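Throughout, protein chains are lettered first and strands after them, A, B, ... in sequence-line order, and every chain is numbered starting at 1. Note that the structure is a prediction, hence the values are computed from the model and not measured.
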2 protein chains.
Amino acid sequence: MLTNSRLVHQPHDHSRCINAALARANDICAAKNARMTTTREAVLRLLWQSHKALGAYQLQAQLSELFNKPIAPPTVYRAIEFLLELGLIHRIHSLNAYIGCPFPNSEHSNLFMICTQCGSVAEMTHNTINGLLQSASEKANFTLKSQSLELSGLCPQCFDHAETSDND
Amino acid sequence: MLTNSRLVHQPHDHSRCINAALARANDICAAKNARMTTTREAVLRLLWQSHKALGAYQLQAQLSELFNKPIAPPTVYRAIEFLLELGLIHRIHSLNAYIGCPFPNSEHSNLFMICTQCGSVAEMTHNTINGLLQSASEKANFTLKSQSLELSGLCPQCFDHAETSDND
DNA sequence: GTGTAAAAAGATATATTATAACATTTTAGG
DNA sequence: CCTAAAATGTTATAATATATCTTTTTACAC
């Protein structure tokens, strides 16, 4: 089991997350002969500003501000598509939003824990679950190609806040 | 493990699926003092015409044809919302589409196997997986409320077709 | 049966998310 | 530098979903 759950849900030096993500991204681009352009890097950086998923139009607004000129939707979606293809970000289907991938090199199919309160998203790779999904698919003669596993609930912090305010 | 996978992927007397689904829906409405209106029943019936997920606007078109008058999106979405709340249908996030639930009474959180070729969707409840998801959440101090588990791949039939045409 | 309040549906407008199509600019490599 | 490919800009529009207000239908009290 591999997860960034602790990092997501506890105070930490977040600049290290961002730098690590950008470094990984550059490595992967180099390895795949892909170009990490200004727009793409900006989108990746924005998605790493927090451990929350951002929608395409939130990214658009922030990009426009960053570049001090209007950025149109296709530009944003192109960058998203590129980063998705390289495995540097994920699409969170239940939110129509996107988030930086903390372990882009792992081939693992991942599981997301989405806080419905604060919007934070932690990612987890769970080999036992993946194995069971594979064998359940096989039993059904279903040829598994990809998966989207999204858990919704409360992150530790939001749960604590909820508990505390209940006691008011 | 409970699944309608065989039913979905093999020829069967589909009218029995539809009738069973409508009967279950009526029971559940009676139990919950909810109204199964014409529109709602029509949407449920349309979603049970096949074992494929339908988008809201596909439903709109089919409803309009069925009632021989234009049906506006809010009407469709209201029916969808109602059926979702009663657990009679599911939303497939990765498709932005909806499908009839084959076991609406079970409290189980379910898993979908989506054929990317023909669009069929089989549903499965897998207690071991659900247990692991719960315990993985607990380990991460994540309070699990709901889940969306969507597997994409090839259903048995489409896989067979693909194999066969490979040999041409 | 009629009146009434609540629920549902109709109607219109618009928000949100995503893509198509074509023009222009930037980039890597010859 | 020149060129082809890649990336981005620009404009328009498709696809999905919701807000708001009006009208109709329904359950049920009387």
Side-chain angles (χ1 to χ4, degrees), chain A residues 25-26 29-44 46-47 52-86 88-99 119 148 150, chain B residues 25-26 29-47 53-86 88-99 119 148 150:
Chain A
N26 284 324
C29 282
K32 299 201 180 173
N33 254 310
R35 297 186 201 160
M36 181 52 69
T37 65
T38 315
T39 311
R40 291 166 178 175
E41 181 174 321
V43 168
L44 185 59
L46 286 170
L47 287 178
K52 299 180 184 180
L54 294 181
Y57 284 75
Q58 290 177 280
L59 287 169
Q60 183 202 19
Q62 295 187 30
L63 274 183
S64 299
E65 192 165 356
L66 197 59
F67 292 158
N68 216 29
K69 67 175 179 183
I71 301 295
T75 300
V76 181
Y77 280 101
R78 283 173 190 144
I80 288 171
E81 188 182 20
F82 173 86
L83 296 167
L84 282 173
E85 269 170 17
L86 285 189
L88 294 168
I89 66 172
H90 292 289
R91 179 172 215 277
I92 306 294
H93 288 102
S94 61
L95 300 178
N96 290 334
Y98 307 87
I99 190 154
S148 163
E150 302 181 5
Chain B
N26 284 325
C29 282
K32 299 200 181 175
N33 254 308
R35 297 186 203 159
M36 180 52 68
T37 65
T38 315
T39 311
R40 291 166 177 174
E41 181 174 323
V43 168
L44 186 59
R45 196 181 276 279
L46 287 171
L47 287 179
L54 294 182
Y57 284 76
Q58 289 177 281
L59 287 169
Q60 183 202 19
Q62 294 188 31
L63 274 183
S64 299
E65 192 165 355
L66 197 59
F67 291 158
N68 217 28
K69 66 176 178 182
I71 302 296
T75 300
V76 182
Y77 280 102
R78 283 174 190 140
I80 289 171
E81 188 182 18
F82 173 87
L83 296 168
L84 282 173
E85 269 168 16
L86 286 189
L88 295 168
I89 65 173
H90 292 290
R91 179 171 214 276
I92 306 293
H93 288 101
S94 61
L95 299 178
N96 290 334
Y98 307 87
I99 190 155
S148 163
E150 303 181 5

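- If you find the closest nucleotide of DNA chain D to A:A79 and to B:Q58, the one lying nearer the 5' end belongs to A:A79.
- One interatomic measurement links the two molecules: CG of B:L63 to P of C:dA8, which rounds to 17 Å at whole-angstrom precision.
- The distance between atom CG of B:L95 and atom P of D:dA15, rounded to the nearest whole Å, is 16 Å.
- Here OH of B:Y98 is found 10.0 Å from CD of B:E81. Values are rounded to the nearest 0.5 Å.
- Checked options B:T75, B:I71, B:L66, B:V43; the residue passing with B:L59 is B:V43 (criterion: side-chain contact (heavy atoms from CB on, under 4.5 Å)).
- Residue A:R78 contributes atom CZ, which lies 11 Å from atom C1' of C:dA23 at whole-angstrom precision.
- Both B:P73 and B:F67 lie close to DNA chain C; mapped to their nearest nucleotides by heavy-atom distance, the more 5′-ward contact belongs to B:F67.
- In the set C:dG10, D:dG9, D:dT8, D:dG9 carries the atom at the smallest distance from any side-chain atom of A:K69.
- Closest to the side chain of A:P74, from the set D:dT10, D:dT18, D:dT16, is D:dT10.
- Atoms CG (B:N96) and P (C:dT19) sit 10 Å apart, rounded to a whole Å.
- Following rounding to the nearest Å, A:Y77 (OH) and C:dA20 (P) show an atom-to-atom distance of 12 Å.
- Taking CG from A:L63 and NZ from A:K69, the interatomic distance works out to 10.5 Å, rounded to the nearest 0.5 Å.
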A correct 5'-to-3' footprint of nucleotides 25-30 of chain C, with B, S and - meaning base, sugar-phosphate only and no protein heavy atom under 4.0 Å, is ---S--
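- The CD atom of B:Q60 sits 12 Å away from the P atom of D:dA15 (whole-angstrom rounding).
- Closest of all the heavy-atom pairs between B:P73 and B:Q60 is CD-NE2, 3.4 Å.
- With rounding to whole Å, A:I80 atom CD1 is found 9 Å from C:dT19 atom P.
- Close to C:dA9, at under 4.0 Å from its OP1 or OP2, lies a side-chain N or O of B:T37.
- Whole-Å rounding puts the B:Y57 OH to D:dA15 C1' distance at 7 Å.
- Closest non-hydrogen pair, B:L44 versus B:M36, comes out as CD2-CE, 4.4 Å.
- Note: A:N96 CG to A:Y57 OH = 11.5 Å, rounded to the nearest 0.5 Å.
- In this structure, B:L54 CG and B:I92 CD1 are separated by 11.0 Å, a value rounded to the nearest 0.5 Å.
- When the side-chain nitrogen and oxygen atoms of B:T75 are compared with OP1 and OP2 of C:dA9, none of them lie within a distance under 4.0 Å.
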